[in-house]
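Everything below concerns the one structure shown next.
Chain letters run A, B, ... following the sequence lines, proteins first, then strands; residues in each count from 1.
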Protein chains: 2
Amino acid sequence: MATLKDVARLAGVSVKTVSNVVNGYSFVKPDNRRRVEEALEATGYRPNLGARNLRRGRTGFIALVLPELSIPYFAELAGLVIAAAQEHEWNVLIEQTFGTLAGERSALAALGPHLVDAAILSPEALQVDDFQLPVPAVLLGEHAVDVPISRVGIDNVAAAQAAVRHLVSLGHQRIAAIGAHPHRGTAALRLEGYRRALAEADLPFVDELVVPALNYHRADGAAAMRSLLDLRNPPDAVFCFNDLLAIGAMRAAAERFVRVPSDLAVVGFDNNEESVYSSPSLTSVAPDKAAIAQAAVDLLHRRVESSEFLENVETPFSLQVRESTVAR
Amino acid sequence: MATLKDVARLAGVSVKTVSNVVNGYSFVKPDNRRRVEEALEATGYRPNLGARNLRRGRTGFIALVLPELSIPYFAELAGLVIAAAQEHEWNVLIEQTFGTLAGERSALAALGPHLVDAAILSPEALQVDDFQLPVPAVLLGEHAVDVPISRVGIDNVAAAQAAVRHLVSLGHQRIAAIGAHPHRGTAALRLEGYRRALAEADLPFVDELVVPALNYHRADGAAAMRSLLDLRNPPDAVFCFNDLLAIGAMRAAAERFVRVPSDLAVVGFDNNEESVYSSPSLTSVAPDKAAIAQAAVDLLHRRVESSEFLENVETPFSLQVRESTVAR
DNA sequence: CATCGTTGTTCCAACGATGTAAAGACCCGG
DNA sequence: CCGGGTCTTTACATCGTTGGAACAACGATG
């Protein structure tokens, strides 16, 4: 593989002159520039990024730390982050934590300061002490603990409130919630939005209608729904804290011959592509994932470039109404 | 951040001795070793991977080039590849091609020889000339063109045949296929499996029952299904070349009040998690994705270490029978 | 014609790690 | 106490790149 030295020899100039041409330095004689460019062409020179970054003190990578790629929300987000990072000539390194404290800690430990320039984190279990990060970072979504790191995400309270308001507006009275979680920050906020929407409609907050979910997988949604359907007085609507829970809930409902939406309205959260094609299709809170990815990457880029302190960014969301809350 | 030099100064030895301790070189006096280890501990030294790799001529990264992370199959696979790569101390860099020739070419161009040690490719449009790769590579799945690169994947013909055989065994006579594609290698093989299964059951191969799909998204499956349902004599079963097509097909069927599986049996391919929870759940060919990821990474590792030439690897698959082909 | 400022180029050091060769410490037998 | 081998450590060069200083060439200025 050709190095600067090879190109320099071929063009009959010094290594530094070639470097200057490659990096767009202005003061190079047209004649030399031409010769260097020809030599670059002839050798097919590509800079050794490792060496360049060693010299520059940068790595050219950012880390994206998330629970699991098999969760559609994170897969979609990862795709968008990769695309956004490309604009800043960053490559993305994905670390999976599987939502465990140990997984998150080991992911953070792995990203030594020399491996990445910055990190985008989507933690679920980390504690305050863990946030001694060696590089600039952004948190996606909320987190229970209060740490001085910028956050990017939607207003979870307002989003949940909008979802439940929608159910209220359709006349539902016994509205359940699936996805309460002891440590997850977003869960607490979505629960708060649920609570507020009930309150403003003068509906009672009923403990038995709020079902926890330890993981946010389809199986957890199905299990939670089964327990709700077992109640003496089951709900007529359910707000799930993510789409996977909702898909699982709809599945459990179908198994009991409970019809959605006529017997039970369902709202999800995340607006996965999957939810558009399920039968029935799923009404869902739709965070602008592209905006989240873009904001997170841009924020990190400005932070790395200028080390300015940066605020949190609130991205927009919308409610996508589909069949699961209105009759076909 | 601490470097070898800092540690050496603190321990009162040369840089190389510290390097020797870090790399487990045997001949270090116990006394020095102890002092170095203390100094390592005290400084919290972490090697600069960029510098190490510059010296060693390796990068510590492999590329995973795939169409799109928002396609569940590739997201799940990516997660498994990341996990498998960790065992060899490799980090994974994901490049998305969006299934276009331009996208694939630019992804290949991006992975200069200095960026990654090896690459795992899942191409859909590349042509023979494009396979002048600067690093060892593995192809996932088949590809129409014949190039001297190891492949890892299942026997697509046999898998498709098993799927269609299953439909035949349930008594279906007019079995359609969705997903034919002019350039995609896997599409041709799955079509061949379909053809063979029909032939061995003495069923006719009917042109109008084979529907192409340019992309393998849910929308394409839905469109294809609609065209099949518009036929004067619609099929009583359909084999889709991936699960997304099948999900789309089931959705289109539901919209026309065609019941699955009683009016129409559906089989998919890939066994996405999504397919377990759809209503009805989807019968699907299940490639062993973990085995594919593991085999691809291991093969590359051996190739990089020893530069031995390596054969293709055929991984196992199974057929997961679910509600879409049997009555609930 | 000496001086100056601008422009263009080269040389050298450095980023942090490791391979090599050679020097130093140590122990043994003679 | 010396020669010779085995451990152990060190100095140095090197990977490919870039920043900075030094230097060279040049026309313009006084």
Among D/dG16, D/dT18, C/dT10, the one nearest any side-chain atom of A/Val13 is C/dT10
* Asked: Do B/Arg55 side-chain and C/dT18 base share a donor-acceptor contact under 3.5 Å?
  -> yes
B/Lys16 has its side chain closest, among C/dC26, C/dT7, C/dT18, to C/dT18
message: Can you classify the ring geometry of B/His181 versus B/Tyr216 as parallel (below 30°), tilted (30 to 60°) or perpendicular (above 60°)?
response: perpendicular
Separation of D/dG16 atom P from A/Arg58 atom CZ, nearest Å, is 23 Å
On DNA chain D, more 5' by nearest nucleotide between A/Val15 and B/Val28 is B/Val28
If you compare every side-chain N and O of A/Arg52 against the phosphate oxygens of D/dT18 (OP1, OP2), does one of them come in below 4.0 Å? yes
Examine D/dT8: is either OP1 or OP2 under 4.0 Å from a nitrogen or oxygen in the side chain of B/Thr17? Give yes or no. no
What class does the angle between the rings of A/Trp90 and A/His301 fall in, given that below 30° is parallel, 30 to 60° is tilted and above 60° is perpendicular?
-> perpendicular
_Contact check, side chains of A/Ile94 and B/Ile82, non-hydrogen atoms, under 4.5 Å_ = yes
Do A/Val304 and A/Arg58 make a side-chain contact, defined as non-hydrogen atoms from C-beta onward lying under 4.5 Å apart? yes
The nucleotide from C/dA17, D/dT17, D/dA11 with an atom nearest the side chain of A/Tyr45 is D/dT17
In whole angstroms, the gap separating P of C/dT20 from CG of B/Asn20 amounts to 12 Å
**Study point:** Under 4.0 angstrom between A/Asn53 side-chain N/O and D/dT17 OP1 or OP2
**Key:** no
Side-chain contact check for B/Asn48: nearest option of C/dA17, D/dT18, D/dT10 is C/dA17
A/Arg33 CZ to C/dG8 C1', in whole Å, measures 11 Å
Across every strand shown, the nucleotide meeting Watson-Crick or G-U wobble geometry with D/dT29 (both distances under 3.5 Å) is C/dA2
Given the rule in the side-chain contact (heavy atoms from CB on, under 4.5 Å) test, do B/Asn23 and B/Arg52 qualify, once you have shown the distances and angles that lead to the verdict? CA-CA 11 Å; B/Asn23 293 295; B/Arg52 171 180 284 177; 3.9 Å; yes
Of the listed C/dT18, D/dT10, C/dG16, the closest approach to the B/Thr3 side chain comes from C/dG16
B/Lys29 atom NZ is separated from C/dA25 atom P, nearest whole Å, by 9 Å
From OH of B/Tyr25 across to C1' of C/dA17 the rounded distance in Å is 17 Å
From CZ of B/Phe27 across to P of D/dT10 the rounded distance in Å is 17 Å
Pairwise side-chain contact, B/Pro123 with B/Val65, heavy-atom cut-off 4.5 Å (strictly under): no
In whole angstroms, the gap separating C1' of C/dT18 from CG of B/Leu54 amounts to 10 Å
Below 4.0 angstrom from OP1 or OP2 of C/dT18, is there any side-chain N or O of B/Ser19? yes
pair_partner(D/dC7), Watson-Crick or wobble, both distances < 3.5 Å, evaluates to C/dG24
Separation of C/dG16 atom P from B/Asp6 atom CG, nearest Å, is 8 Å
